[in-house]
Amino acid sequence: MEKQLTNFLLKGGRLIDPANGKDGALDVHVRNGIVGEIGANLEPNGATVVDTKDLIVTPGLIDVHLHLMKGLGAFGVDPDIFGVGSGVTTVVDAGSAGHTLLNVFRDYVTRNAKTRVLNYINLSTLGGVTGPGYSILADPRLIDEEKIANAVEFHRDVIVGIKIMATGGALGAQGLKPLERARKLGDQLRIPLLVHIGESWTKGTEPVAVADVLKYLRPGDIITHMFTAHPGGLLDANGKLWPQARDAKESGVLMDVGHGLHNLNFDVARKVLDQGLRPDGVSTDGHRGNRGGPVYDLPTTMAKLIALGFSLNRVVEMATVNAARLLGQPNELGTLRAGEPADISVLRLEDREWTAIDSQKGSIPAKQALVPVYAIRGDTIHEALPLERP
Ligand SMILES: [Zn+2]
C-alpha cells in the first residue's frame with residue numbers, strides 16, 4: 001500500500017539521525033517530495049499530519065547486500081520486498097549481474113522498482129545468477145577487465161563496487177589470482193571491492209584463508225559475512241580473531257554483517273565482538289530463500305544486533321550514515337537534510353521478549369523488536385508489507 005501526499009508532517013516521532021547527532025522528539029515537514037523544516041512541535045499549517053507518535057523516524061535505511069535479479073537465476077527477489085516493503089529506501093544488489101547482464105538488470109529490475117537500487121558488479125562474467133556453489137572465477141577467461149571497465153563507466157550512476165566470491169569453490173584452480181586482478185581493477189576504476197568470505201556450500205573444496213584475502217584489500221574495501229561460522233571466516237580454529245583481520249579493520253577495511261541463510265552465527269559474533277572488532281554495516285543478504293526466516297528483513301537483522309548488545313542508535317548508524325559511507329555516497333544518502341528529496345524510514349521499537357535465531361538455528365534472547373512501518377521516498381509513503389516475524 002502506498003499513498004502520495006504533496007504536503008505532510010511526520011508528527012510526534014523520535015527522530016534518530018546519527019550523521020548529525022540528532023536524537024529526540026522532532027517533527028519532519030515534507031512538501032512536494034522535499035524535506036522542509038525539521039524541528040520540535042511543528043504546526044501542521046495545512047499539511048496532512050502523519051502520526052508518528054511512539055515511532056522511530058530515521059534517514060532512509062540502506063540494505064547494502066541483497067540478491068535482486070528477480071525471476072532470473074537461483075534466488076533473486078523483487079527489490080521492493082526487502083526495500084520499501086520493509087521500511088528500507090535503498091537496496092544494493094551484491095553482484096547478480098556481471099558486465100553482460102547489467103543492462104538487463106537496469107531495464108528489468110531497477111526501472112520497475114519503487115526502491116532505489118544500486119549494484120556491485122560481479123567480477124565474473126557469469127555474475128551471481130547461477131546461485132552459489134559454481135566455480136564462477138575458476139577459468140581466467142571469466143574475468144574480462146576491459147568489458148568490466150566499460151560497464152562501470154557506462155553505469156557509474158548505480159555501480160558502487162566490484163563483488164568477488166573469495167571462496168575455494170568459486171576461485172578453484174585460479175587460487176588468489178582473481179583477487180589480484182580485482183585489486184588492479186578497483187584501483188584503475190576507483191571503486192571498492194566487496195568480498196564474500198565463508199565457504200558455505202562447496203563441500204570438499206579447500207577454503208581460502210581470510211589472511212590471504214585481506215592482503216589484497218585497501219581502506220574502503222568491504223568484507224561481507226564477518227560473523228560467518230563457515231571455514232574462511234574471521235576466527236581461527238581456536239576462536240581467536242586472525243590478527244590480519246584486526247589490522248585490516250584498523251587500516252580502514254570495512255566489515256559488513258551480511259546475515260543470509262548461512263552467515264550470521266551468534267557464537268561467532270560474540271567471539272568477534274568480545275575481541276573488539278565491530279561491524280561498520282548491517283545487511284540482510286536477502287533473497288527469495290530467506291525472507292520467511294531466518295532473515296525476514298533489515299529491521300529484524302538490526303534487532304538481532306541489538307540483542308547482541310548494540311544500542312538502537314548504533315544499529316541505526318550502521319544502516320544509515322555508515323552504509324552511505326560504505327557505498328561512497330555520504331553526501332547523497334544516510335542523513336536527513338532540509339532541501340533534499342525526502343528519503344525517510346519509520347519504524348516501531350517494540351519492548352517484548354522474543355527469540356532471535358541465527359543462520360545455524362542458534363538462538364539468543366531478545367528484548368526489543370524493530371518493525372518497519374513506512375518507507376518514504378519523495379511524496380510517496382509506502383506501507384511495510386505484512387510479514388510474520390518472530
Ligand atoms: Zn550474498
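Quick note: residue numbers are just sequence positions, from 1. In what follows, every heavy atom counts, from backbone to side chain, and hydrogens, waters and symmetry copies are set aside. In each ligand, atom 1 is the first atom listed, and ligand 1 is the first ligand listed. As the structure is a computational prediction, the values presented were derived from the model and not from experiment.
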> With a 4.5 Å limit on heavy-atom distance, are the side chains of L385 and R291 in contact?
Replying inline: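 In contact.
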Treating [X] as the side-chain partner and [Y] as the backbone partner, does any N or O pair qualify as donor plus acceptor under 3.5 Å?
X	Y	result
N263	T228	no
S345	L61	yes
W354	P365	no

Return yes when at least one N/O/S atom of H65 is nearer than 2.8 Å to the Zn ion (ligand 1), and no when none is.
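Given the 2.8 Å cut-off, H65 counts as a ligand of the Zn ion (ligand 1).
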In H67, what N, O or S atom is nearest to the Zn ion (ligand 1), if we give its atom name?
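That would be atom NE2.
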Taking just the N, O or S atoms of D285, which one is nearest to the Zn ion (ligand 1)?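 The Zn ion (ligand 1) is closest to the D285 atom OD1, counting only N, O or S.
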